[in-house]
Amino acid sequence: MIDHSSSKKYDWDFPQRVKLTTDFFDPSGPYGCVTFLYPGGHGPLEDYVDKYHSVVEYAEDFGAAVIFMEHRFYGQSQPLDGRNASIEELSSLLNLDQVLGDYLDFLADYLGSVVTTKDGKTYQMTTYDCKVIAFGVNYEGMLAVYLRKEVDRFVQGALASGAPINMPKDTYARTVFWGRLNQTYSMADETGPIAVRNLEAWYKAIALQWAYIKEGHPQDDLKARLNLCNNLTTDNEYDYRVVLRTVNNVFVQHALGRRTLNGAYDATAVRDADLNISQSANAIKKMVYDFYGLDEETDCLDPCEVYRPCADLTGCADGSDGDMWDWQLCYELDWVAGGSASAGMVPNAPFSDVDRQNLCQKKFKGLNDVSKSHELFASTYGIDQITNVIWTNGQLDPFYASGKIDYTNNDTATVGSMEVATFGLDMMGSGNGDAQMEEYRRIEKKLIGQILNGTFPE
């Protein structure tokens, strides 16, 4: 169903991709009928199936079925059959109420269906004796929590890994991202402090060269540092800021585990970046070129070609997926990662609500002032009175400070402040991380078991 609102203005169905795995489904086991749900985020289904192996590994431990669902308007789950949406259609169809409606409608149908068990037998699912736990990392972690809050009759618990749940209401959480990025690189490897100093020095040199250029000096030195294709416009700061954000994006994505613009996630990306940068500042240019798929020998860097400005300063994907995530941040999700980075390794990166509004109105023609939508989101999707949520946060995740770190509600629990954990590392499966990370996963499994047997938290 495309429209879950009361108006039912749009009345057609659309194909939504789902991956159901019942290889371990054992409703006769000690935990009964259990399903683990991963609600997809702002990317294709494969991004989550191929990355978050812990969900399947935990399913084997608990005899659970596993469902990965693709988010509407991403990947192949296109409500408008590939045509461009109008502002009115996006406003009506791409918002959290509709997104959560997709997942809940599917669960309602699924919990009345017949499913094959691991032994090849058929089993009639019911809402009365089947338990669902939602999992998610970052934005999907927020979705998992909202599913638990909105429909506790379907979703008995949630595990939210690195979910920036405080971003909508907490000004500090919205501005601290760039300072945390500095700590991510400093703490990830023993070479981290050296790498951070090299990065700071490199950025300061860029700033000094830009100051000389504005005084009328040639641009040769700055252009050579990154082999820029074109001169920068000097009558405003726009070109210079795009250069900075083009480079910033590389270090943000490495901190989030992505080595290349369209590459798979890798838990060691930030550590390897530390090692390379600590050895030579020349590695910075190489990292930039590698990330954007450029050849240092034959290509030059055109920031306006490789970097796409969007409402998420941590970066948007290419193509339709990036456009739809941009829309979600413009229209509803209060996710401004701006503010001062003066204490961090990257230069100051201000991005206010006004900056976001200007960017969004330029891209989405006809979009009105959406401050009220952001305020409504913050008030509607709070987490007061929520129960049965497991919060996990890695100290090497730049979103760390916007997550639930010390939660005192007796009906929720934190795994702890995971010292060695990068972005979503606990969900990437065994073999990613060290012995300490495996201990965190053991604690997660213990808490999942407590939710399933009704003793959470002990």
Check: Tyr400 and Thr184 side chains under 4.5 Å, non-hydrogen atoms: no

Stepwise side-chain contact (heavy atoms from CB on, under 4.5 Å) check, Tyr123 with Phe25: CA-CA 10 Å; Tyr123 183 82; Phe25 181 51; 4.1 Å; yes

Backbone N/O of Gly403 and side chain of Asn166: donor-acceptor pair under 3.5 Å: yes

Side-chain (Ser54) to main-chain (Asp426) donor-acceptor, under 3.5 angstrom: yes

Heavy-atom side-chain contact between Arg17 and Pro44 under 4.5 Å: yes

Heavy-atom check, side chain of Met69 versus side chain of Gln16, under 4.5 Å: yes

Modelled atom types, side-chain donor and acceptor of Thr21 and Asp23, under 3.5 Å: no

Distance-minimising heavy-atom pair for Phe456 and Val389: CZ-O, 3.6 Å

side-chain contact (heavy atoms from CB on, under 4.5 Å) evaluation trace for Leu181 with Val252: CA-CA 7 Å; Leu181 186 68; Val252 168; 4.0 Å; yes

Heavy-atom neighbours of Lys363 NZ exceed 12 at 6.0 Å: yes

Short side-chain donor-acceptor distance under 3.5 Å, Asp97 and His4: no

Spacing of Gln328 atom CD and Leu94 atom CG [to the nearest 0.5 Å]: 4.5 Å

Nearest heavy atoms of Ala158 and Arg148, plus distance in Å: CB-CB, 4.1 Å

Heavy-atom check, side chain of Tyr440 versus side chain of Met437, under 4.5 Å: yes

Donor-acceptor contact present, side-chain Tyr103 to main-chain Leu37, <3.5 Å: no

Pairwise side-chain contact, Met125 with Cys33, heavy-atom cut-off 4.5 Å (strictly under): yes

Student check: side-chain heavy atoms of Asp102 and Glu70 closer than 4.5 Å: no

Passing option when Tyr31 is tested against Phe24, Phe62, Phe36, Tyr58 for ring-ring contact (aromatic ring centres under 6.0 Å, His included): Phe62

Inter-residue atom distance Thr268.OG1 - Asp274.CG, 0.5 Å rounding: 11.5 Å

Donor-acceptor contact below 3.5 Å, side chain Gln156 vs main chain Ile133: no

Centroid-centroid distance, Tyr52 to Tyr38, less than 6.0 Å: yes

Atom pair CG (Asp61) and NZ (Lys445), whose distance is rounded to the nearest 0.5 Å: 4.0 Å

Glu332 to Tyr381 - nearest heavy-atom pair and separation: OE2-CE1, 4.4 Å

Exam field: side chain Asp321 to backbone Gly75, donor-acceptor pair closer than 3.5 Å: yes

Spacing of Gln357 atom CD and Asn368 atom CG [to the nearest 0.5 Å]: 8.5 Å

Pair Arg441-Glu444, salt bridge (Lys or Arg N to Asp or Glu O under 4.0 Å): steps then yes or no: CA-CA 5 Å; Arg441 292 193 182 103; Glu444 287 181 358; 5.9 Å; no

Under 3.5 Å donor-acceptor, Gln183 side chain and Leu396 backbone: no

Asn95 (side chain) donor-acceptor with Ser91 (main chain) under 3.5 angstrom: yes

Heavy-atom pair of closest approach, residues Leu359 and Ala311: CD2-N, 3.8 Å

Point-to-point distance, once rounded to the nearest 0.5 Å, from CD1 of Ile448 to NZ of Lys131: 13.5 Å

Audit row: Trp12, Phe14, ring pair (Phe, Tyr, Trp, His ring centres under 6.0 Å) steps and yes/no: CA-CA 7 Å; Trp12 62 88; Phe14 73 98; 9.3 Å; no

Polar side-chain atom of Tyr185 near backbone of Phe251 as donor-acceptor pair, under 3.5 Å: yes

Tyr307 versus Asn248, side-chain donor and acceptor atoms under 3.5 Å: no

Donor-acceptor pair, side chain of Arg180 and main chain of Ser402, under 3.5 angstrom: no

side-chain contact (heavy atoms from CB on, under 4.5 Å) between Ile87 and Lys365, worked out: CA-CA 8 Å; Ile87 294 299; Lys365 305 297 185 184; 5.9 Å; no

Any side-chain heavy-atom pair of Phe364 and Asp326 under 4.5 Å: yes

Inter-residue atom distance Asn236.CG - Tyr238.OH, 0.5 Å rounding: 9.5 Å

For Asp290 against Thr260, the heavy-atom pair lying closest together: O-CG2, 3.9 Å

Expected output: side-chain Asp3 to main-chain Asp11 donor-acceptor under 3.5 Å: no

Test log, rule side-chain contact (heavy atoms from CB on, under 4.5 Å), inputs Asp26 and Thr117: CA-CA 6 Å; Asp26 183 10; Thr117 70; over 6 Å; no

Contact summary for Ser430 and Glu438, nearest pair of heavy atoms: CA-OE2, 3.5 Å

Beyond-backbone contact of Leu107 with Val151, side-chain heavy atoms, under 4.5 angstrom: no

Centroid separation Tyr139 to Trp325 less than 6.0 Å: yes

